Amino acid sequence: MSDDADVPESHPRYESLLTRHRIEAGVDMGITSRQGLIAQGRGEAYDYLLGEATINSADRAERAAAAYLLRADHAVVSVNGNAAALVPGELVALAEATGADLEVNLFDRTEKRIERIADYLREHGAEDVKGLTADDRIPGLDHERAKVDADGIGDADVVLVPLEDGDRAEALGELGKTELVVDLNPLSRSAQVATVPIVDNIVRAIPNVTEHARDLRGDPDSQQEVIDSFDAETALTDAEAAIRGGV
Ligand code: ATP
């Protein structure tokens, strides 16, 4: 990405600035919405308070998410405009490592933006990208935001939703799906309704979930043990304590 080169690596907050530039570039490419810029700003504030690092409880949540993805009958990784701009290749690698499908899902859905994101994921190695058929609906949401693919999120038992809005996260939870949420705000509704809330920056979270998945692959006993020992409430409390108290 050309903008990446403009940030000197010596800058103390290099990673954070790089992330911001990726979102800007995402808007320029028609991948990320303008609201995505605001979401990014909120995320940056929480990340700053977390010390811009993966706290231990987030690492445990990332391992639990990997276990759920591997144990799933049908796992889907949902991709929005911010996720696509920030970690396109990493999302493709996660889908490959866990056997999950990738499905584009947007808060402000336009066919053009969905196609751009699907193309961008393909440029980063994705073979099959769902989200364009939109032949199923999540009950309880207004028309445009309810759309999903019947053979994607519609059929999934486990869904990873990075940066999901609270309404949709709640509606997906009510359908009985296991939700793995990446959100830097432990108080957001998405994090609160998640089976596994991952309070971490998506740029650190996704590669770490992939690493855990590679480690847990082929070992169902360890996967089950990781799932059984994970407690969502503790993860949220730890994250909130880290944010309020300083790490
Ligand atoms: P809710 O309705 O669940 O309370 P919200 O209205 O706060 O959520 P948005 O405004 O859509 O939701 O904000 C997106 C969320 O994504 C914010 O909580 C923000 O902290 C989080 N976020 C933004 N960027 C990142 C990132 N890079 N990694 C992880 N989380 C992020």
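One-based numbering, in listed order, for ligands and for the atoms of each. Below, each value reflects all heavy atoms present in this structure, side chains not excepted, and no hydrogens, waters or symmetry copies. These numbers come from a predicted model, not from an experiment.
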*Asks:* Would R145 and D165 pass as an ion pair if we require N to O under 4.0 Å?
*Replies:* yes
*Asks:* Distance to 0.1 Å, residue and atom name: give those for the protein heavy atom nearest to atom 3 (O) of ligand 1.
*Replies:* S190 OG, 3.0 Å
*Asks:* Closest non-hydrogen protein atom to atom 8 (O) of ligand 1, residue and atom name please, with distance?
*Replies:* S188 CB, 4.0 Å
*Asks:* Could E240 and R244 be called an ion pair, given the rule that one side-chain N must be under 4.0 Å from one carboxylate O?
*Replies:* yes
*Asks:* So that I can tick it off, tell me whether D128 and K130 are bridged by a salt bridge, with the cut-off set at under 4.0 angstrom between side-chain N and carboxylate O.
*Replies:* yes
*Asks:* Heavy-atom distances under 4.0 Å are what count here, so tell me which part of D200 touches ligand 1: side chain, backbone, both or neither.
*Replies:* backbone
*Asks:* How close do Q192 and L187 get, counting heavy atoms only, and between which atoms?
*Replies:* NE2-CA, 3.6 Å
*Asks:* Is R122 salt-bridged to D119, going by a charged N under 4.0 Å from an acidic O?
*Replies:* yes
*Asks:* If we ignore angles and hydrogens, is there a donor and acceptor under 3.5 Å between the side chains of D59 and T54?
*Replies:* no
*Asks:* Salt bridge check: are R113 and E111 linked by an N-O gap of less than 4.0 Å?
*Replies:* no
*Asks:* Around atom 23 (C) of ligand 1, find the nearest protein heavy atom and jot down its residue, atom name and distance.
*Replies:* A39 O, 3.0 Å
*Asks:* Judged on heavy-atom distance to atom 15 (C) of ligand 1, which of I38, N80, I206, D183 sits nearest?
*Replies:* D183
*Asks:* Tell me, which protein residue and heavy-atom name are nearest atom 27 (N) of ligand 1, and how many Å apart are they?
*Replies:* N201 OD1, 3.0 Å
*Asks:* Just going by heavy-atom distances, which of R189, R42, R20 is nearest to atom 6 (O) of ligand 1?
*Replies:* R42
*Asks:* How far is atom 31 (C) of ligand 1 from the closest protein heavy atom, and which atom is that?
*Replies:* L163 CD1, 3.6 Å
*Asks:* Do K147 and D135 meet the salt-bridge criterion of a basic N to acidic O distance under 4.0 Å?
*Replies:* no
*Asks:* Which of the numbered atoms in ligand 1 are under 4.0 angstrom from any heavy atom belonging to G166?
*Replies:* 1 (P), 2 (O), 3 (O)
*Asks:* Heavy atom under 4.0 Å from ligand 1: found in Y46's side chain, backbone, both, or neither?
*Replies:* side chain
*Asks:* Can you find a heavy atom in the side chain of V161 that is under 4.5 Å from one in the side chain of E179?
*Replies:* yes
*Asks:* So is N82 touching ligand 1 or not, going by heavy atoms under 4.0 Å?
*Replies:* no
*Asks:* Tell me the protein heavy atom at minimum distance from atom 30 (N) of ligand 1, and give that distance in Å.
*Replies:* L184 N, 3.2 Å
*Asks:* Given the protein's heavy atoms, is any one of them under 4.0 Å from atom 11 (O) of ligand 1?
*Replies:* no
*Asks:* Counting non-hydrogen protein atoms only, what is the nearest one to atom 28 (N) of ligand 1? Give residue, atom name and distance.
*Replies:* I202 N, 2.9 Å
*Asks:* Please determine if V182 has a nitrogen or oxygen closer than 3.5 Å to a nitrogen or oxygen of ligand 1.
*Replies:* no
